[in-house]
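Beneath this line is the structure, given in structure tokens, with notes to follow.
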There are 4 protein chains.
Amino acid sequence: MVNIASPEKIARRRQDILDAAIDIFAEKGFHASGIADIATRLGIGHGTVYRYYKNKRDIFNEILSLLLSEMSTVVQQDPPNTNSLPEYQQQLERIADRLIAIFRERPQLARIAFYESYGVDAEISDAVNRIQELFAEFTAYYLQNGISKAFLRSEMDTAIAARLVTAMLMETVKHVALNDFSDKQIEPWRREIIRLMIGGLSR
Amino acid sequence: MVNIASPEKIARRRQDILDAAIDIFAEKGFHASGIADIATRLGIGHGTVYRYYKNKRDIFNEILSLLLSEMSTVVQQDPPNTNSLPEYQQQLERIADRLIAIFRERPQLARIAFYESYGVDAEISDAVNRIQELFAEFTAYYLQNGISKAFLRSEMDTAIAARLVTAMLMETVKHVALNDFSDKQIEPWRREIIRLMIGGLSR
Amino acid sequence: MVNIASPEKIARRRQDILDAAIDIFAEKGFHASGIADIATRLGIGHGTVYRYYKNKRDIFNEILSLLLSEMSTVVQQDPPNTNSLPEYQQQLERIADRLIAIFRERPQLARIAFYESYGVDAEISDAVNRIQELFAEFTAYYLQNGISKAFLRSEMDTAIAARLVTAMLMETVKHVALNDFSDKQIEPWRREIIRLMIGGLSR
Amino acid sequence: MVNIASPEKIARRRQDILDAAIDIFAEKGFHASGIADIATRLGIGHGTVYRYYKNKRDIFNEILSLLLSEMSTVVQQDPPNTNSLPEYQQQLERIADRLIAIFRERPQLARIAFYESYGVDAEISDAVNRIQELFAEFTAYYLQNGISKAFLRSEMDTAIAARLVTAMLMETVKHVALNDFSDKQIEPWRREIIRLMIGGLSR
DNA sequence: AATGAATGAGGATTCATTCAT
DNA sequence: CATGAATGAATCCTCATTCAT
């Protein structure tokens with residue numbers, strides 16, 4: 001009559017711990033957050049945390065995986081096959097909106113992604129960069145598609161342009177999520193980033 | 001009746017310590033860097049460091065001040081009074097070049113600014129943000145000037161556009177500095193950011 | 001679902017640490033004693049000490065509390081209601097004996113009370129003084145009782161006399177405890193302090 | 001043309017340092033006082049202190065020597081040769097007054113003697129005890145004289161009684177000096193200690 | 001499985017002392 | 001002689017991790 005926890009139960013516990021950890025890490029940062037803080041928030045013993053995660057780093061890595069997967073979904077849902085500038089513009093808006101949605105739902109993820117991940121560890125910084133690079137990579141595909149469909153500038157260095165565009169997108173997400181913007185407050189950012197991406201600053 | 005170290009000597013020591021600290025912090029991050037690491041790199045006793053800086057945070061703050069002042073200089077040297085798009089474009093290039101120059105000279109500063117500063121402390125994150133905001137603020141003035149001189153889009157939200165532009169600029173600086181790019185490697189970034197800013201992605 | 005150490009066990013550990021700390025502090029004084037010394041004496045890790053006491057000061061404070069409570073008991077058990085000089089004399093002997101008993105049982109407490117507490121901290125010096133003052137206060141009550149019952153001098157300044165008497169008592173306790181006196185060695189002190197208190201030095 | 005400081009000048013410097021040290025030690029205690037505090041108070045370099053005293057302990061030892069010598073003088077000036085109880089009483093008053101005078105002139109010495117000396121070091125505690133013992137020793141002579149002249153109790157254990165009397169005297173000095181008593185405030189203490197010593201507490 | 005008791009590596013900081021100038 | 005720059009021993013305390021119950 002040994003009692004083995006069902007896989008579902010284990011998964012639920014892991015999730016609870018992850019959720020608590022996201023809150024705690026977002027509040028205090030990786031270094032200042034203790035395993036005990038996470039356990040206390042859940043009302044469990046801190047030793048228990050180690051039954052579900054190898055160590056503190058492991059929890060953080062899982063958070064980053066979550067981030068990576070959520071952000072991947074955003075781009076992967078929207079293949080680079082638009083046929084005109086207006087279509088591409090709509091696609092851009094969709095992607096921005098979905099990305100914003102992720103972080104608005106859990107602003108703590110924004111704090112972690114944009115602040116608390118850095119300075120932990122070279123490996124973790126790399127992981128965060130990889131997320132951005134994934135985004136940039138996809139963006140490059142969109143740009144290449146636009147060029148091949150002739151609605152984007154042909155002499156563009158898509159790799160570089162993709163990074164720049166991604167940087168703007170991330171800046172937008174960061175602002176909107178960290179300042180807990182309402183839809184109305186988001187609107188001008190949404191409009192401005194699209195305009196800038198499409199037509200630049202000039203008249 | 002001797003022995004009061006000359007102000008120059010004191011300043012030099014402080015500078016040496018700061019330089020070593022920049023290297024160490026860039027390599028290992030704030031938390032993983034010990035005062036002893038800094039002292040050892042200089043071949044001095046770690047107690048000596050405390051004669052020049054109150055504590056570890058104090059050293060880090062000084063690095064941030066340095067960063068802030070260097071970056072301030074970049075924008076403050078170039079007042080927002082260009083009269084045409086080509087002129088503004090040249091100004092943009094100048095600013096980008098000067099900014100890049102700062103970080104190419106000391107790529108460690110880039111690591112500190114873009115990675116290691118975050119996650120230390122709320123106060124320090126704020127300081128870094130303030131640097132970016134300073135930049136965005138100035139950028140907004142450039143944009144307003146361009147609008148008033150009628151060579152930039154009039155319906156632009158300059159505050160937002162400024163932040164987006166700053167984000168691109170920082171992304172560029174980050175890449176160029178952290179990957180230790182040669183002039184030749186920098187060129188396409190330089191070209192692309194200007195194009196994107198001026199005319200966007202579209203044809 | 002186990003592992004919450006029973007309150008008894010916790011209390012025992014606290015007590016063990018306190019006992020070891022009393023030994024160590026008595027031997028080397030507060031400043032020269034390290035938490036590591038205490039832990040080592042118990043054969044436990046020094047981190048463990050911090051599970052039971054907030055810090056070194058906290059341990060010391062607890063020792064002082066112990067001292068205060070033990071010494072309080074001595075006087076509080078013996079209300080100031082004797083009716084004649086012989087009765088009072090007997091009471092004095094009882095009190096002296098009980099006080100001596102405390103410190104003979106743990107001569108280290110004498111070292112702490114009479115030596116090692118001073119010079120730690122203004123707060124701690126005050127705490128030690130308060131113990132003596134408590135004693136003097138009670139002594140004043142005894143004296144007032146003696147005056148009202150007309151077996152002690154009526155023109156006495158009881159507050160001052162109480163302090164002087166307390167000083168003699170403490171001197172006795174100090175000697176007896178610190179020199180680890182046998183009953184036989186104590187006897188002349190016992191006799192002399194009583195005589196002096198009752199009839200002074202003169203014939 | 002070597003310049004050797006005159007012995008007088010050296011002595012004066014030593015004295016200045018000693019005076020400053022007395023102030024500082026009395027204020028903050030031995031451990032909390034830094035050599036730098038002493039030097040700063042004198043407006044000299046802290047390295048200079050080491051030209052006059054071997055180390056911090058050495059300065060403290062000198063303070064204790066000073067104390068010892070001042071207190072020795074008090075008793076040594078007044079030989080144990082009184083012939084009657086009233087004469088002895090007057091002698092007691094003289095001694096108490098002289099002792100009080102020392103500490104009223106420099107209340108810092110009282111703080112050092114009664115508080116800050118303990119807990120520094122076993123050796124220093126011993127030195128302080130030796131001062132008290134010197135006093136007790138002399139007191140024993142007074143008592144023996146009184147017994148031989150038949151104005152004091154013959155069955156007295158003079159060594160013990162001397163210690164008890166000394167304890168009262170020190171308690172008085174401590175109170176009077178540390179509370180910066182005026183002559184008028186001292187009077188009742190003076191009166192009470194004499195009464196207690198002569199005739200005890202009883203009617 | 002869950003727990004929390006125990007552990008000790010790790011690091012910042014202070015300050016007495018030395019000694020080159 | 002005077003100085004203060006340099007030094008590093010010394011010690012407190014935190015907290016991630018392990019593991020007996």
Side-chain angles (χ1 to χ4, degrees), chain A residues 2-5 9-10 13 31-40 42-59, chain B residues 1-6 9-10 13 31-39 42-59, chain C residues 1-6 9-10 13 31-37 39 42-58, chain D residues 2-5 9-10 13 31-40 42-59:
Chain A
V2 183
N3 225 320
I4 292 179
K9 201 160 178 187
I10 291 178
R13 253 300 163 81
H31 278 107
S33 299
I35 290 290
D37 295 322
I38 296 168
T40 300
L42 289 172
I44 64 176
H46 65 271
T48 307
V49 173
Y50 284 88
R51 302 197 65 76
Y52 293 88
Y53 290 94
K54 203 158 57 68
N55 53 36
K56 204 165 105 166
R57 276 287 310 267
D58 193 31
I59 303 176
Chain B
M1 233 67 116
V2 247
N3 211 24
I4 313 115
S6 66
K9 197 158 181 189
I10 291 177
R13 248 311 160 82
H31 277 108
S33 300
I35 291 291
D37 296 322
I38 297 168
L42 289 171
I44 64 176
H46 66 271
T48 305
V49 174
Y50 285 90
R51 293 187 55 78
Y52 295 88
Y53 291 94
K54 205 157 58 65
N55 52 38
K56 208 165 93 165
R57 273 291 306 266
D58 194 30
I59 303 177
Chain C
M1 233 65 117
V2 246
N3 213 24
I4 312 115
S6 66
K9 198 159 181 186
I10 291 177
R13 249 313 160 83
H31 277 108
S33 300
I35 290 289
D37 296 321
L42 289 171
I44 64 176
H46 69 270
T48 306
V49 174
Y50 286 91
R51 292 187 57 76
Y52 294 87
Y53 291 94
K54 206 156 61 65
N55 52 37
K56 208 166 92 166
R57 273 291 306 267
D58 194 29
Chain D
V2 182
N3 225 320
I4 292 181
K9 201 161 178 187
I10 290 178
R13 252 301 163 82
H31 278 107
S33 300
I35 289 291
D37 295 322
I38 296 169
T40 301
L42 289 172
I44 65 175
H46 65 271
T48 307
V49 173
Y50 284 88
R51 302 195 65 76
Y52 294 88
Y53 290 94
K54 203 157 59 68
N55 54 36
K56 204 166 105 168
R57 274 287 311 267
D58 194 30
I59 304 176

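Per chain, numbering begins at 1; letters A, B, ... match sequence-line order.
Contacts of C:S6 with the nucleic acid, taken as non-hydrogen atoms under 4.0 Å apart, are absent. Base engagement by A:G47 is indicated by at least one non-hydrogen atom pair under 4.0 Å involving a base atom. Within the 4.0 angstrom heavy-atom criterion, no nucleotide atom of any strand lies near D:I38. If you check every strand for non-hydrogen atoms under 4.0 Å, B:S33 touches sugar and phosphate atoms only.
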- prompt: Where do B:I59 and B:V49 land on the side chain to side chain contact (heavy atoms under 4.5 Å, CB included) test, with the steps shown first?
  reply: CA-CA 9 Å; B:I59 303 177; B:V49 174; 3.8 Å; yes
message: Could you go through C:I35 and C:Y50, starting from their C-alpha distance and side-chain angles, then the distance that decides it, and tell me whether this counts as side chain to side chain contact (heavy atoms under 4.5 Å, CB included)?
response: CA-CA 9 Å; C:I35 290 289; C:Y50 286 91; 3.3 Å; yes
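The base of F:dA6 is not paired with the side chain of B:H46 by any donor and acceptor separated by under 3.5 Å.
Within the 4.0 Å cut-off from OP1 or OP2 of F:dA2, at least one side-chain nitrogen or oxygen of D:R13 is found. Listed pair C:Y52 / E:dA6 meets the phosphate criterion, a side-chain N or O lying under 4.0 Å from OP1 or OP2. In this model, the phosphate group of E:dA5 is approached by a side-chain N or O of C:R51 to a distance below 4.0 Å at OP1 or OP2.
Per the geometry, NZ belonging to A:K9 stands 10 Å off P belonging to E:dA1, to the nearest Å. At whole-Å resolution of the value, OH in D:Y50 and C1' in E:dC19 are 13 Å apart. In this entry the distance linking CD1 of B:I35 with C1' of F:dA6 reads 16 Å, nearest Å. Spacing between atom CG of C:N55 and atom C1' of F:dT14 amounts to 13 Å, rounded to whole angstrom units. Distance, C:H31 NE2 to F:dC12 P: 10 Å, rounded to whole Å. To the nearest angstrom, C1' of E:dA1 lies 17 Å from OH of A:Y53. What separates NZ of D:K54 from P of E:dT17 is a distance of 9 Å, to the nearest Å. The separation between B:L42 atom CG and F:dA6 atom C1' is 13 Å, rounded to whole Å.
A distance of 9.5 Å separates OH in B:Y53 from CD1 in B:I38, rounded to the nearest 0.5 Å. Here the CZ-OG1 distance, from C:R13 to C:T48, works out to 6.0 Å after rounding to the nearest 0.5 Å. Rounding to the nearest 0.5 Å gives a distance of 9.0 Å between OG1 of A:T40 and NE2 of A:H46.
Along DNA chain F, the nucleotide nearest C:A32 and the nucleotide nearest D:G43 are compared for position; the residue whose nucleotide lies closer to the 5' end is D:G43. Comparing D:R57 and A:T48 along DNA chain E, the residue whose closest nucleotide (by nearest heavy atom) sits nearer the 5' end is A:T48.
Judged by Watson-Crick or G-U wobble contacts below 3.5 Å, the nucleotide F:dT21 has E:dA2 as its partner. When Watson-Crick and G-U wobble pairs are counted only if both distances are under 3.5 Å, F:dT14 pairs with E:dA9.
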